[in-house]
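Working notes for the structure below.
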Amino acid sequence: MTTISANLQAVRARIHEAALKWGRNPADITLLAVSKTWPASAVQDAAAAGQRSFGENYVQEGVDKATELQALQLEWHFIGPLQSNKTRRVAETFDWVHSIDRLKIAERLSEQRPDSLAPLQVCLQVNVSAEDTKSGVALEEVPELAKRIASLPRLKLRGLMAIPAPVEDFSLQRPAFRRLREAFEQLNSAGLSIDTLSMGMSHDIEAAIAEGATMVRVGTAIFGERTKT
Ligand SMILES: *Cc1c(COP(=O)(O)O)cnc(C)c1O
């Protein structure tokens, strides 16, 4: 067994255990393997071990890997910061985008999504940590932006994503995830039918699952420590 397949098994076991502990169905939680900075060969190893969904942060790197590995028919998620001049390549290559925090970016992606492909599946990135400098729309702005994005023709709004400020302790990790879940529930109550809460990374999978994550984005625990960023 390769290190990657052993790591994948361990991460799947963590997800399974946390799901059972918090009364969730493990089948409701999708594992996204974050392969940023790792070569296509690492993605191939993970794919050989049954992993289908991969997350990338940098447009060129993601497009290169997706193109090289096209025959494997993997699902590619763009999860990094996105500038307007790069939207076309993302619209043409990726299946999902998790990091939408401006209407303009969403409009460009909708216009540029080829008709030959399924609608681009998207999440709004929300800033759930007050002191956080990471990108993301403020919680107060979520309802209006979500409504507008849901009406764009070539996008399918699936849910919300967050990268909370890193904290060590489980009980301190939960509140930021809870805020995202509450925003998600409010959108569904307001009539938007969304199903994805993209939250939880290598160090906080358990807290995210306790708060309702449906997709966890895991890099380090699968591929190892990154030496570049
Ligand atoms: C890098 C990254 C991850 C994975 O983080 P790890 O700590 O390596 O698991 C998840 N989500 C986003 C948006 C990332 O940039």
Side-chain angles (χ1 to χ4, degrees), residues 3-15 18 29-39 42-43 45-46 49 51-63 65-66 74-83 86 90 94-102 105 109 120-129 132-137 158-170 172-174 176-177 179-181 184 196-229:
T3 309
I4 288 174
S5 78
N7 289 348
L8 262 173
Q9 268 190 23
V11 170
R12 288 186 194 125
R14 278 175 69 188
I15 293 170
I29 302 159
T30 300
L31 172 58
L32 183 63
V34 178
S35 45
K36 65 180 176 209
T37 80
W38 298 100
V43 173
D45 279 356
Q51 180 63 30
R52 306 311 302 167
S53 305
F54 292 87
E56 289 284 340
N57 286 56
Y58 311 103
V59 177
Q60 188 61 48
E61 182 190 338
V63 168
K65 273 180 240 180
L74 303 171
E75 188 177 85
W76 292 95
H77 295 236
F78 189 78
I79 62 174
L82 184 50
Q83 280 133 24
K86 304 260 177 79
V90 169
F94 285 84
D95 301 292
W96 283 66
V97 175
H98 294 226
S99 43
I100 293 188
D101 62 0
R102 278 178 291 156
I105 295 287
L109 288 169
L120 188 62
Q121 311 294 300
V122 302
C123 293
L124 262 186
Q125 183 175 349
V126 184
N127 187 345
V128 286
S129 310
D132 190 8
T133 55
K134 293 245 163 80
S135 43
V137 60
R158 294 295 296 271
L160 302 178
M161 179 272 230
I163 314 171
V167 283
E168 283 303 314
D169 185 69
F170 176 83
L172 296 177
Q173 290 168 352
R174 285 185 71 166
F177 293 137
R179 288 194 284 279
L180 194 69
R181 170 172 49 83
F184 171 85
T196 302
L197 258 179
S198 167
M199 59 189 198
M201 317 198 329
S202 293
H203 68 287
D204 55 14
I205 294 175
E206 286 80 8
I209 289 174
E211 291 295 344
T214 67
M215 201 177 283
V216 291
R217 309 178 310 267
V218 180
T220 308
I222 296 171
F223 296 105
E225 293 285 347
R226 290 177 292 275
T227 51
K228 14 176 199 171
T229 51

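Numbering of ligands and ligand atoms starts at 1, following listing order. Since we're looking at a predicted model, the values are computed, not measured.
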Notebook entry, point to check: Which pair of heavy atoms, one from Q83 and one from I105, lies closest together, and at what distance?
Noted result: C-CD1, 3.9 Å
Notebook entry, point to check: Should the proximity of R226 to ligand 1, defined as any heavy atom under 4.0 Å, be assigned to the side chain, the backbone, both, or neither?
Noted result: side chain
Item checked: Nearest-neighbour protein heavy atom for atom 1 (C) of ligand 1, which is reported as residue plus atom name and distance -> K36 NZ, 1.4 Å
Item checked: For atom 11 (N) of ligand 1, the protein heavy atom that lies nearest, with its residue and separation -> R217 NE, 2.8 Å
Notebook entry, point to check: T220 heavy atoms, cut-off 4.0 Å: which ligand 1 atoms fall inside?
Noted result: 6 (P), 7 (O), 8 (O), 9 (O)
Item checked: Atom indices of ligand 1, in the order listed, that fall short of 4.0 Å to a heavy atom of N57 -> 14 (C), 15 (O)
Note to self: For atom 5 (O) of ligand 1, what is the closest protein heavy atom, and at what distance to 0.1 Å?
What the structure shows: M201 CE, 3.7 Å
Next item on the list: Determine, for E61 against K36, whether the closest basic-nitrogen to carboxylate-oxygen distance falls under 4.0 angstrom.
Entry: no
Next item on the list: Find all atoms of ligand 1 within a distance of less than 4.0 Å from any non-hydrogen atom belonging to V218, and give their numbers and elements.
Entry: 9 (O)
Check: Quick one: do R174 and E211 make a salt bridge, cutoff under 4.0 Å?
Finding: yes
Item checked: Nearest non-hydrogen partners of I29 and A213, listed with the distance -> CG1-O, 3.6 Å
Notebook entry, point to check: Heavy-atom contact under 4.0 Å between H203 and ligand 1?
Noted result: no
Margin query: Could you tell me if the side chain of L31 sits less than 4.5 Å from the side chain of V218, heavy atoms only?
Written below: yes
Notebook entry, point to check: Quick one: are I4 and I222 in side-chain contact, heavy atoms under 4.5 Å?
Noted result: yes
Notebook entry, point to check: Which residue and non-hydrogen atom of the protein lie closest to atom 9 (O) of ligand 1, and at what distance in Å?
Noted result: S202 OG, 2.5 Å
Next item on the list: Determine whether D101 and L124 make a side-chain contact, defined as any pair of heavy atoms from C-beta on separated by less than 4.5 Å.
Entry: no
Margin query: Give me the nearest non-hydrogen protein atom to atom 12 (C) of ligand 1 as residue plus atom name, then the distance to 0.1 Å.
Written below: I79 CD1, 3.5 Å
